[in-house]
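Structure, as structure tokens:
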2 protein chains.
Amino acid sequence: MNAPNTRLNMADVAALAGVSKATVSRVLSGAPGVSEETRRRIKALVKDLSYVVSPDASRLSRGSTGRIAVVMPHTTSWFYGAVLAGVLSVLRAEGLDALVYQVADGTESRTFFADLPVQRRVDAVIVVAFPVTEHERRQLDLLGMPVVVAGGALEHHAHVRIDDTTAARQAVTHLIRSGHERIAMINAAVTREWPYAPPADRLDGYRTALEDAGLTVDPRLVVDLPWSGTMGADGMDRLLSLDRPPTAVFGFCDEVALGALRSLRRAGVSVPRTVSVIGIDDHPLAELCDLTTVRQPAEQQGARSAHLALDLLGGAPTGELHVTLPTHLVIRATTGPPEDS
Amino acid sequence: MNAPNTRLNMADVAALAGVSKATVSRVLSGAPGVSEETRRRIKALVKDLSYVVSPDASRLSRGSTGRIAVVMPHTTSWFYGAVLAGVLSVLRAEGLDALVYQVADGTESRTFFADLPVQRRVDAVIVVAFPVTEHERRQLDLLGMPVVVAGGALEHHAHVRIDDTTAARQAVTHLIRSGHERIAMINAAVTREWPYAPPADRLDGYRTALEDAGLTVDPRLVVDLPWSGTMGADGMDRLLSLDRPPTAVFGFCDEVALGALRSLRRAGVSVPRTVSVIGIDDHPLAELCDLTTVRQPAEQQGARSAHLALDLLGGAPTGELHVTLPTHLVIRATTGPPEDS
DNA sequence: CTGTTAGCGCGTTCAT
DNA sequence: ATGAACGCGCTAACAG
């Protein structure tokens, strides 16, 4: 028994209004079968008392939690924050709460998928762009609730994302059109199983763009590095040490491209005169660094995912379950024609 | 009545184990009074059935929600993401869930403080660095639950933050020691009431550092701009148009400093030869841009706040309720001695 | 040590 | 249009 909580119950409100709990409940849930007069009177009283129903108790008898889980590898990088913002804004509008779970390292990830802490706490799960192993996917299915993937794709699951191949092609094609032929890519290495598209698909886009232009892909110009804050810089250093460095570099994402810019700056290499740099994302700081990039709508991906989740909960998945949002080139100051040599 | 849910109840488990719900409950909550043998048997069965208790039902009879709300103005900028990460990691360790509320614009903020959607949904609230009006503060108090402020201060409320005055002094003093005398500051303008320290305190630190060094503060060198993605760049443009531009610029935060760098780059001004730039935060991209800055521990502020909230919930606020974390100078490549002129 | 009983606060039939 | 009564799944007090 909890301490004599001074908080009001529906019973108290009912008593004060001289009606039964049932009536108060009907009024508060907007159910029919209550005279306008009583309805008005109760509403006033409720507002006056600033009474609010207990979502937990309500949930217990109604069945749904009114909550949705958002699972993300980390919350600090721009992309995840933006997706979260999108999710939150639509959930709030629907009066739903968001439970955020962070599965940063392997340990957190393991325990998350082992314990499945979201069980019985939420009505649906939104998984934000991170590698899901086959085992993890099975665990998710085991949840028995709608699962939608934001910023990535999982077969047989609703998802909303961008076309990573296309985005990469947009970036590389821009470089080609500018006259570049020795174009490098700094890619995020695959360190686990990645059912997600990004790494592989962006590399694919890079390759096909080159091939379609009749250029050959030089494997020495593709550097794969495990993700880290300085992987862009490290990758660029590696490229700079080549016999014939590239005249243009395509970074897996803006943060990588910005890292490349640092190496270039430190090495005294002129951008874009000697080397052009392009990324993907349109990170807010990309603008501040005058970085040419391919913009992807992060917040929208979050918002659409949330809508998808709501649809799925609604029972009737009315719209399309696999959404692909467009990306587009944003030309700034880090790309230009190559030096004629 | 909800659909015939196939999910197991504690009653089912009890039946299968041939004991009463009470016993199962005791086992699951680690309560004493159960023979090791029974305990073991039930634990095995539970794991076997992969049964999990309903947190909502549990809450209802126990009284606490097992959830904590995190309220933040937005989730995209690095600082907020980092604080959130800190909060999440300690809450997860305690088995608590985090409900994230975004109060981005004035509308969201108004409805949030009017409806107080956190009522009855959480046991405590962590408010992350944003302006709280007097009215809003009263609403928070009205919640009747622990409120802790992360990355800011609210009188009469537990909080964990940095000393903004000191941080600013560290930045400006570094500039002074490097030989600068005409030091500008690009500040975030006060657009509402800000009971929070940052804007005013950082300006104070700037002023006192200057005064302590026997330098006069030139009001033309202090530009106040409403927050925006390009306020740093805009502020720098303004400073650059002065008759005698400063030789060094102190940005309210790294994002502002990075914006200043862009304007400088576009204007063809050499950094740090002609103008030095420093910020506050140590944003991950500060390193990539070689920006000198004063580092503040964002994630730690989140973690400590969560611990504070837990303490407060524990009833016995054992530790200090007002925590100030240290900041320190990180010298990189955007500051140096002024050109002798 | 274990089972029984009574709520926790609300939604929901089923009567009235 | 309204009220009484039961159940949601679990915890806690009281017996045995």
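What's counted below: heavy atoms across the whole structure, side chains too, no hydrogens, waters or symmetry copies. The model shown is predicted, which means the values in this text are computed figures rather than measured ones. Sequence lines set the chain letters: A, B, ... in the order given, protein chains first and strands last, and positions in each chain run from 1.
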Distance in angstrom units between Ile42(A) CD1 and dC10(C) P, rounded: 14 Å
Take atom CG of Asp56(B) and atom P of dC8(D), then tell me their distance rounded to the nearest Å. 15 Å
Once you round it to whole Å, what is the distance between P of dG9(D) and CG of Leu8(B)? 11 Å
side-chain contact (heavy atoms from CB on, under 4.5 Å) partners of Ala93(B), counting only residues at least two apart: none
May I ask you to decide if Phe112(B)'s main-chain N or O and Asp115(B)'s side chain share a donor-acceptor pair within less than 3.5 Å? no
Check the pair Glu299(B) / Ser89(B) against side chain to side chain donor-acceptor pair (under 3.5 Å), numbers first and verdict last. CA-CA 10 Å; Glu299(B) 190 160 343; Ser89(B) 62; 4.9 Å; no
Output the rounded distance in Å from CZ (Arg120(B)) to P (dC8(C)). 12 Å
Got a sec, which residues hit side-chain contact (heavy atoms from CB on, under 4.5 Å) with Arg138(A), two or more places apart in sequence or on another chain? Glu134(A), His135(A)
Please report the distance, rounded to the nearest Å, between CE in Met10(A) and P in dC8(C). 15 Å
Strictly below 4.0 Å, heavy-atom distances to any atom of DNA chain D: list the hits from residues 43-54 of chain B, or just say none. Tyr51(B), Val53(B), Ser54(B)
Numerically ordered, the residues 33-41 of chain B set in heavy-atom contact under 4.0 Å with DNA chain D is none
Applying side-chain contact (heavy atoms from CB on, under 4.5 Å), name anything that partners Leu142(B), two or more places apart in sequence or on another chain. Leu116(B), Gln139(B)
For residues 47-57 of chain B, which residue pairs pass the salt bridge (Lys or Arg N to Asp or Glu O under 4.0 Å) check, not counting sequence neighbours? Arg59(A)-Asp56(B), Arg67(A)-Asp56(B), Asp56(B)-Arg67(B)
Would you please name every residue forming a ring pair (Phe, Tyr, Trp, His ring centres under 6.0 Å) with Phe79(B), sequence neighbours left out? none
Which residue pairs pass the ring-ring contact (aromatic ring centres under 6.0 Å, His included) test when at least one of the two sits in residues 18-77 of chain B, sequence neighbours left out? His74(B)-Tyr80(B)
Applying ring pair (Phe, Tyr, Trp, His ring centres under 6.0 Å) to His157(B) and not counting sequence neighbours gives none
Side-chain N or O of Ser58(B) less than 4.0 angstrom from OP1 or OP2 on dT11(D)? yes
Hits for side-chain contact (heavy atoms from CB on, under 4.5 Å) against Arg92(A), two or more places apart or cross-chain, chain-then-number order -> Asp97(A), Tyr101(B), Pro117(B)
Rounded to the Å, how far apart are Arg62(B) CZ and dG9(C) P? 15 Å
Extract all donor-acceptor atom pairs below 3.5 Å that involve side chains of residues 302-315 of chain A and protein atoms in other chains or at least two apart in sequence.
residue	atom	partner	partner atom	Å
Ser305(A)	OG	Gln301(A)	O	2.5
His307(A)	ND1	Ala303(A)	O	3.4

To the nearest Å, how far apart are Arg59(B) CZ and dG9(C) C1'? 8 Å
Rounding to a whole Å, what distance do you find between Asn9(B):CG and dG9(D):C1'? 6 Å
Any residue of residues 14-28 of chain B with a heavy atom less than 4.0 Å from an atom of DNA chain D: Lys21(B), Ala22(B), Ser25(B), Arg26(B)
